[in-house]
> 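Here you go, one structure.
Sequence positions, counted from 1, serve as the residue numbers for this chain. Keep in mind that the numbers below use all heavy atoms, side chains included, and drop hydrogens, waters and symmetry copies.
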Amino acid sequence: MEKHGGFPHRISATINNEKYETLRRQSESHGYDISLVARWMLIPSRVEKLQRGNLESLEGAMRRPLYQGVKGGERKRGKQRNFWLTDAEFELVTRAAAKRGLIRSAYVAATIHEQIGLADSQGWPLPDGITNASVDAEAKNLLRKMEESASEESTGN
């Protein structure tokens with residue numbers, strides 16, 4: 001797979017066109033690139049939202065089923081969008097998707113739609129100073145916390 005800058009993982013998800021335009025406008029109005037805000041939105045808020053265990057056992061469940069076609073007269077209300085992620089972000093998305101019983105692309109679409117709705121209701125309170133490095137660091141920190149809590153549980157602390 002082609003790498004996109006420092007983001008080796010791509011997830012394609014169908015995002016509602018209107019919501020995507022809202023995300024784009026709000027990102028730009030805060031001085032951010034849409035891809036940065038989208039990646040920030042995909043990071044779960046708590047360790048409890050992550051599936052624990054070996055990622056290799058989850059990989060089969062993350063595959064999109066074979067395309068069955070669109071029923072006659074049905075139109076998509078969104079467009080396939082690519083989300084490029086770091087290794088840590090990709091692992092978080094995989095674990096969060098598995099915890100919700102979804103494949104990665106469905107998790108990305110659902111989370112982006114949920115986060116846009118939440119942001120709309122709260123007046124788009126994006127944090128100041130988020131960067132590619134800070135989003136990746138936040139992802140790595142959440143993974144570290146997950147490992148620490150798993151370690152504490154296994155030792156009985």
> Under the criterion side-chain contact (heavy atoms from CB on, under 4.5 Å), which of T14, I11, L85 is the partner of V108?
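Output: one option passes, namely I11.
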
> Would you indicate whether the side-chain heavy atoms of R95 and L143 approach each other to under 4.5 Å?
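The answer is yes, as the side chains (C-beta and beyond) meet within the 4.5 Å cut-off.
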
> Who pairs with K49 by salt bridge (charged side-chain N to carboxylate O under 4.0 Å, His left out), at least two apart in sequence or on another chain?
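Partners of K49 by the salt bridge (charged side-chain N to carboxylate O under 4.0 Å, His left out) criterion come out as none, since no residue qualifies.
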
> Partners of E138 by side chain to side chain contact (heavy atoms under 4.5 Å, CB included), sequence neighbours excluded?
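For E138, the residues satisfying side chain to side chain contact (heavy atoms under 4.5 Å, CB included) (neighbours in sequence not counted) are W40, I43.
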
> Taking only residues two or more places apart in sequence or in another chain, which ones pass side chain to side chain contact (heavy atoms under 4.5 Å, CB included) with T86?
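Checked T86 against side chain to side chain contact (heavy atoms under 4.5 Å, CB included); matches are F7, R39, A88, E89, D136.
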
> Give the intermediate values and the outcome of side chain to side chain contact (heavy atoms under 4.5 Å, CB included) for residues F83 and V93.
CA-CA 11 Å; F83 296 84; V93 166; over 6 Å; no

> Indicate yes or no: at least one non-hydrogen side-chain atom of R52 is less than 4.5 angstrom from one of S149.
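Yes, their side chains come closer than 4.5 Å.
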
> Mind listing the closest non-hydrogen atom pair of L50 and A96 along with its distance?
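Closest heavy-atom pair between L50 and A96: CD2-N, 4.0 Å.
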
> If you round to the nearest 0.5 Å, how far is CD of E48 from CE of M146?
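With rounding to 0.5 Å, CE (M146) is 12.0 Å from CD (E48).
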
> Got a second to check how far M41's CE is from L23's CG, nearest 0.5 Å?
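Reported value, rounded in 0.5 Å steps: 5.5 Å.
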
> Would you say that L36 contacts S27 through its side chain, given a criterion of any heavy-atom pair below 4.5 Å between the two side chains?
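No, side chains not in contact.
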
> Give a yes or no answer on whether the side chain of H30 reaches the backbone of D128 with a donor-acceptor pair at less than 3.5 Å.
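It does not hold such a pair.
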
> State, yes or no, whether a side-chain contact exists between L42 and L92 at a heavy-atom distance under 4.5 Å.
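Side-chain contact under 4.5 Å: no.
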
> Is there a side-chain contact between W84 and H9 (heavy atoms, below 4.5 Å)?
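Result no, sub-4.5 Å side-chain heavy-atom pair not found.
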
> Drop me the distance from I34's CD1 to T22's OG1, to the nearest 0.5 angstrom.
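These two atoms lie 9.5 Å from each other.
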
> With sequence neighbours left out, which residue pairs that include part of residues 106-115 fulfil the side chain to side chain donor-acceptor pair (under 3.5 Å) condition?
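Residue pairs with at least one partner in residues 106-115: R100-E114.
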
> Atom OH of Y32 and atom CD1 of I130: how far apart are they, to the nearest 0.5 Å?
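The CD1 atom of I130 is 4.5 Å from OH of Y32, to the nearest 0.5 Å.
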
> Going by atom types alone, do R104 and T94 pair a side-chain donor with an acceptor below 3.5 Å?
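Checked: R104/T94 side chains pair up, N/O donor to acceptor below 3.5 Å.
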
> Using only atom types and a distance under 3.5 Å, with no angle test, would you say the side chain of R81 pairs donor to acceptor with the backbone of A13?
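No, because the side chain of R81 does not come within donor-acceptor range (under 3.5 Å) of the backbone of A13.
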
> Just to verify, what does Q122 make a side chain to side chain contact (heavy atoms under 4.5 Å, CB included) with, not counting sequence neighbours?
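Once residues adjacent in sequence are excluded, the partners of Q122 under the side chain to side chain contact (heavy atoms under 4.5 Å, CB included) criterion are L118, P125.
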
> Sequence neighbours left out, what passes side chain to side chain contact (heavy atoms under 4.5 Å, CB included) with E28? Give chain and number order.
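R24.
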
> Check N82 against S12 and note the closest heavy-atom contact, atom names and distance.
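What the structure gives for the nearest pair is OD1-OG, 2.5 Å.
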
